[in-house]
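Any value given below was found using the heavy atoms of this structure, including those in side chains, with hydrogens, waters and symmetry copies removed. Residue numbering restarts at 1 for every chain, and letters A, B, ... go by the order of the sequence lines.
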Number of protein chains: 2
Amino acid sequence: MPRKPSPDARERILDVATRLFTAHGVHAVGMQQVIDEFGCGKNLLYREFAGKDDLVVAYLTRCRDTWACMYEQAGVGREDDPAGHLVALVELTAAKVLEPDYRGCGIHNTHAEFPDPAHPAHKVAAEHFATMRERLLDLATRAGARDPETLTDRILLIIEGIYTNGLAQGRNGAARAAGAFAEEVVRSALADRSA
Amino acid sequence: MPRKPSPDARERILDVATRLFTAHGVHAVGMQQVIDEFGCGKNLLYREFAGKDDLVVAYLTRCRDTWACMYEQAGVGREDDPAGHLVALVELTAAKVLEPDYRGCGIHNTHAEFPDPAHPAHKVAAEHFATMRERLLDLATRAGARDPETLTDRILLIIEGIYTNGLAQGRNGAARAAGAFAEEVVRSALADRSA
DNA sequence: CCGGTCCGGGACCGATCGGTCCGAATCCTT
DNA sequence: AAGGATTCGGACCGATCGGTCCCGGACCGG
């Protein structure tokens, strides 16, 4: 047993792929480009990933985990404040727009790039959207909104508006208004209880 | 002068291209596909359009005009009610999600497909976003909002949220909440005047 | 030191891309 | 009817796509 395959190759390739896919879009990036950028042989990449579709799915999975991490982060210290968690999540999303090289949500971008519902990438993205909605709905419910569905819809509109508008208009776009907006929306949804 | 080139060829080709680009995304549609679907020779298409980029730009221009038409339509009968115009615009946008084969906003989708700011398609899209914002800002100002910029930002978030979320979750998504949401937002922005 | 494993790099494949060009059929105008 | 412009439809081009295969060198364990 003379030699061991490097165990983190998959992750390191995925790092490169994530950067390229995010920056240029999935369609615009060729496998050769990923390989060149990473500096490995084609051998290694095709051993770690069955094909481009597989690589894209892995990319989306990572994006999903990143979002889950963000969700988690927004909840830290707010375990008993689901309303604050909601607002913090919106603020975190809005803050991402300010990052240099902001390129929107990789999942949404990729979802738009693969309209075919049968494509694996499309399915992964669709799943993510569903769970995203569930988690927001859970927060809205626990926050005690009179109509959690509507609050969820509104927060979703704001969050996805941030993604899209941030991509379209950059740091001078609508994202700056999102935090206060979300706060007001949540407050209003809670106040409705007494109505 | 034996024969005249058919004058509406460009428009008819653009019809086909619009349908295909909208349904499958720009990158996924080949020129050959446009030609086959239209049933003409390659000659004709390349006489009417300098190349794929040119065709894409024409497609985006048409999308832009469609949006302008929608903006116009929402304002009919509301010439003296800019606030109602804003709400109607959001409602119109939300209604589009319910259409079968809804595929989001072609301009946003294409914008995401061409991240390179130097690409003509990207520029056309960016221009559109700017004028879109201007027009909303004009309405918000004329509506008498205390802070028209913020109202514009909020309406923009809602509209672009509709596009994105409608694409992600279809007719059962957040778009259903958009109309009432916009109305509330506008009302609140106007009420702020007395605050 | 040696044998085996792994990996970088590239040749190669078929398919498809955008785009050019041309022959033949078509149809209008005179 | 004749002539000429227009259009169809496909051959063709170079480039690039995703993907397979293989060689030679680097590296490690016995």
Visitor: Whole Å only: how far is the CD atom of A:Gln33 from the P atom of D:dG18?
Guide: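 The answer, rounded to whole Å, is 9 Å.
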Visitor: Flag this pair as yes if the NZ/CZ of B:Arg135 is under 6.0 angstrom from the six-membered ring centre of B:Tyr71 and inside a 45 degree cone about the axis; otherwise no.
Guide: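 Judged by the rule, B:Arg135 and B:Tyr71 form a cation-pi pair.
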Visitor: Could you check how far CD1 of B:Ile35 sits from P of D:dC12, rounded to whole Å?
Guide: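 Computing the B:Ile35:CD1 to D:dC12:P distance gives 18 Å.
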Visitor: Of the nucleotides C:dG8, D:dG19, D:dC8, which one has an atom closest to the side chain of B:Cys40?
Guide: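 Among the listed nucleotides, the one closest to the side chain of B:Cys40 is D:dC8.
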Visitor: Return the nearest nucleotide to the side chain of A:Tyr46; candidates are D:dG19, C:dG19, D:dC8.
Guide: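 In terms of side-chain proximity for A:Tyr46, the closest of D:dG19, C:dG19, D:dC8 is D:dG19.
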Visitor: Distance check needed: D:dA5 C1' versus B:Arg47 CZ, whole Å only.
Guide: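 It is 11 Å, rounded to the nearest whole Å.
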Visitor: How would you label the contact of A:Val34 with the nucleic acid (heavy atoms, under 4.0 Å): base, sugar-phosphate, or nothing?
Guide: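 Since no nucleic acid heavy atom lies under 4.0 Å of A:Val34, the category is nothing.
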Visitor: Measure the distance from CZ on B:Phe49 to C1' on C:dG18 and round it to the nearest whole Å.
Guide: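 From B:Phe49 CZ to C:dG18 C1': 15 Å.
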Visitor: What residue pairs, at least two apart or across chains, pass ring-ring contact (aromatic ring centres under 6.0 Å, His included) with a residue in residues 145-188 of chain A?
Guide: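 Non-adjacent pairs meeting ring-ring contact (aromatic ring centres under 6.0 Å, His included): A:His108-A:Tyr163, A:Phe181-B:Phe181.
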Visitor: Quick one: B:His27 NE2 to D:dG18 C1', roughly how many Å, whole number?
Guide: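 So the two atoms are 16 Å apart, to the nearest Å.
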Visitor: So which one's nearest nucleotide on DNA chain C is more toward 5', B:Gly51 or B:Asn43?
Guide: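 It is B:Gly51 whose nearest nucleotide is closer to the 5' end.
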Visitor: Closest approach of B:Leu190 and B:Ala143, non-hydrogen atoms and distance?
Guide: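 In this case the closest contact between B:Leu190 and B:Ala143 is CD2-O, 3.5 Å.
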Visitor: If I take atom CG in residue B:Leu45 and atom P in nucleotide D:dT6, what distance separates them, rounded to the nearest angstrom?
Guide: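 Whole-Å distance recorded here is 17 Å.
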Visitor: How many Å lie between CG on A:Leu44 and P on D:dT20, as a whole number?
Guide: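 Checked: the CG to P distance equals 15 Å.
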Visitor: Start at the 5' end of DNA chain C and walk down; is the nucleotide closest to A:Phe38 or to B:Gln32 reached first?
Guide: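 Result of the comparison: A:Phe38.
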Visitor: Please state how far atom NZ in B:Lys42 lies from atom C1' in C:dC17, giving the value in whole angstrom units.
Guide: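 In whole Å, C:dC17 C1' and B:Lys42 NZ are 9 Å from each other.
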Visitor: Say you draw a straight line from OG1 of B:Thr131 to CH2 of B:Trp67; how long is it, rounded to the nearest 0.5 Å?
Guide: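 These two atoms lie 6.5 Å from each other.
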